[in-house]
Protein chains: 2
Amino acid sequence: MIADFLDSIQKPTLVLNETRARRNLKRMAAKAAAQQIRFRPHFKTHQSAEIGEWFREEGISAITVSSMSMAAYFTGHGWTDILVAFPVNLREMDVIRALASRVRLGLLVESIWSVERLAAGLQTPVDIWIKIDSGMHRAGVDVEDSAAVLALAQAVLQYPQLRLRGLLTHAGQTYHAHSPEEIRRMYAGSVQAMNVLRGELEGRLGVKLEVSAGDTPGCTLCDDLGPVDEIRPGNFLFFDAMMRDLGVCAWEDVAVAVACPLVALHPHRGEGLIYGGSIHLSKEFLEADGHGFYGYAAFPTDDGWQPGDPSSRVISLSQEHGVVHLAPADFERLKVGDLLYVLPVHSCLVVDALKSYRCLNGREIATLNSCAAND
Amino acid sequence: MIADFLDSIQKPTLVLNETRARRNLKRMAAKAAAQQIRFRPHFKTHQSAEIGEWFREEGISAITVSSMSMAAYFTGHGWTDILVAFPVNLREMDVIRALASRVRLGLLVESIWSVERLAAGLQTPVDIWIKIDSGMHRAGVDVEDSAAVLALAQAVLQYPQLRLRGLLTHAGQTYHAHSPEEIRRMYAGSVQAMNVLRGELEGRLGVKLEVSAGDTPGCTLCDDLGPVDEIRPGNFLFFDAMMRDLGVCAWEDVAVAVACPLVALHPHRGEGLIYGGSIHLSKEFLEADGHGFYGYAAFPTDDGWQPGDPSSRVISLSQEHGVVHLAPADFERLKVGDLLYVLPVHSCLVVDALKSYRCLNGREIATLNSCAAND
């Protein structure tokens, strides 16, 4: 069976270990349930209606997405409580109106300007979350700037079609931490700052506010998720080399790999050349010994894959080519025409690039980006 | 008209200035024609049947692609002389056989192992090019290793279905040059080394061999293309920020930009936040002042776009978000909901990611990756 599957692979192919993904999912769902916290997983990681059903089997009914396109796709697949965790894009008012009339739609605001334009364009109610910057410095109002958050909340409260739900943050600074301990500190610090802000706002406004938080590193490593109403991790489903190198997971938790045909071997340089480039693996990189790399080499096995030597890494990428440094023992195992697996740096980007999965039994799973999924 | 077009853009959109692209095309076609060199443009840059017709209008009949998938797509659109400029992937023998029976198919080899397996799997003749490494150190046999090239050529000559066409190189080291002068030197050095090798091989084998070369930087900057039989540039059609920063083209030559909705402004940091992330712009970066960046900011105009201040650049990317540093004068021009254009680092990757073009008159052009193109 596995031999037939491997023989069928001709091009860079995203291989999914379903057992590992379901195990990762059950673990996170159980942690949230034990602490009575709503688990609103981020579906940008898998972008797949079929994989979404695995979440439904765990009792999950509320989801997070990162674009209106994804919101529309999952609406079409029966999801009815969808948060678009991206500052509202005023150029998509027609999609927002259409989805607001079909599902419980959550939107993020971070300026009064956007609140006013959103209100002017909407009759059907939507949930509004105020986007708070608790340290990542990408989007949102600074968590220390309670005056600005208060003014924004007051603006939202003027419009009955905008239901102020609470405060939302993504403490993505954890992705740049240097140790598991630093991740735990960052997560706890973010949650604490969000609750100080919530307390002040609730006192001033006389309304209850929820707190939405939760990135994969923090939610995975912290036993106590703290005083939050919901968590929104996504990457935990598959993990990847970045999460493994951060100490967030083990290789045995990583649920996706990219199978790449080996097209050349260069013994003088100890390198293999794969069909697998930046359009397949993305140019997201990690660093080791002062050099960037784009994934670790691994080898197919009867039940999935096995990492090679830690020094066997993808060291450069062109559009379709990948150059893989191979430790001598790994080099010896390979001949041109074989498959080399790559454990990718960032699984979400690889899923987006490769558009569909193959399970270890050969079954194909579509995503939003598969042409077949857009009928 | 332009106002209607801009109003219609809701999501990150690849905008194409057709006038500039056709001008870039005519210029390269004229240069090759004047020197009686076959122009075999690389279609991986545009990946579009419709844009391919612009090349046909210039009299071009031979093309280059970087995958069998692209070869199949352009075969389906009437191209009959197709070179796959990628070391032959032995796992795609069924596609190779199918296309070899329909078109004049060119393949690259760089090992005797691949030659033997290719010959064993093929009855219909194909053109064979020996891939030579003339300094890029990604793929191919070292240009100095004439003994290895000779052995490989002799292996090819054993099989009547493998027609030895010549020696091929991609001097992609020009992309890492520091000045136009260095690019010219690299191009000339590569062509010279290829001709030394050709002379030796022709003497030993008693056959005529062609030389195929030609990257965008070299072919654009060198007035004299040298003793080559064909050139294969691709990126010259659109150019991009990398080519402009290398001194290969001017901003007025860059024919693609990515229109991105502005979703937030952060005055304290002088930053805008766009809907436009690594899945749209790719994470290919350039460096300035020791920091990486992912494109330059530009503003829509009546006839296309105009670059902003040179310091206005995309400084970080997440999956869907882009953070843009904005010079004060550029910041002042913007409000949330506007479109900000990004002049991308590497146009080929952006085309692959965004899957279709919008011309300035609003017309859509499909690529291989548009679902509609795969009927």
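A quick note: this is a predicted structure, and the numbers were derived from the prediction, not measured. Letters go in sequence order (proteins before strands), and every chain restarts at 1.
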Proximity breakdown for [X] and chain B, heavy-atom pairs closer than 4.5 Å:
X        : value
A:Leu108 : neither
A:Lys44  : both
A:Phe285 : side chain
A:Asp142 : neither
A:Val336 : both
A:Leu339 : both
A:Arg117 : neither

For a 4.5 angstrom cut-off between non-hydrogen side-chain atoms, does [X] reach [Y]?
X        : Y        : result
B:Arg91  : A:Tyr275 : no
B:Leu349 : A:Ile279 : yes
A:His321 : B:Ser66  : no
B:Glu320 : A:Met70  : yes

Residue pair A:Cys348 / B:Gln319: nearest heavy atoms and the distance that separates them | CB-OE1, 3.3 Å
Heavy atoms of A:Ile274 and B:Phe86 approach each other most closely as O-CZ, 3.9 Å
Does the side-chain contact (heavy atoms from CB on, under 4.5 Å) test come out yes or no for B:His266 and A:Glu110, once each step is laid out?
-> CA-CA 10 Å; B:His266 293 113; A:Glu110 60 166 278; 2.6 Å; yes
I'd like to verify something: which residue of [options] has the highest number of heavy-atom pairs under 4.5 Å with chain B?
options                     : result
A:Lys11, A:His268, A:Glu271 : A:Lys11
A:Val141, A:Ile9, A:Val109  : A:Ile9
A:Ser67, A:Ala353, A:Gly277 : A:Ser67
A:Val88, A:Asp94, A:Leu317  : A:Asp94

Inter-residue atom distance A:Ser316.OG - B:Arg138.CZ, 0.5 Å rounding | 8.0 Å
Distance, nearest 0.5 Å, that separates OG of B:Ser318 from NE2 of A:His170 | 7.0 Å
Do any N or O atoms from the side chain of A:Asn89 and from the backbone of B:Gln10 form a donor-acceptor pair under 3.5 angstrom?
-> yes
Do you know which of B:Glu284, B:Arg269, B:Met68 has the most heavy-atom pairs under 4.5 Å to chain A?
-> B:Arg269
Scored by heavy-atom pairs under 4.5 Å with chain A, the best of B:Ser114, B:Gly140, B:Ser8 is B:Gly140
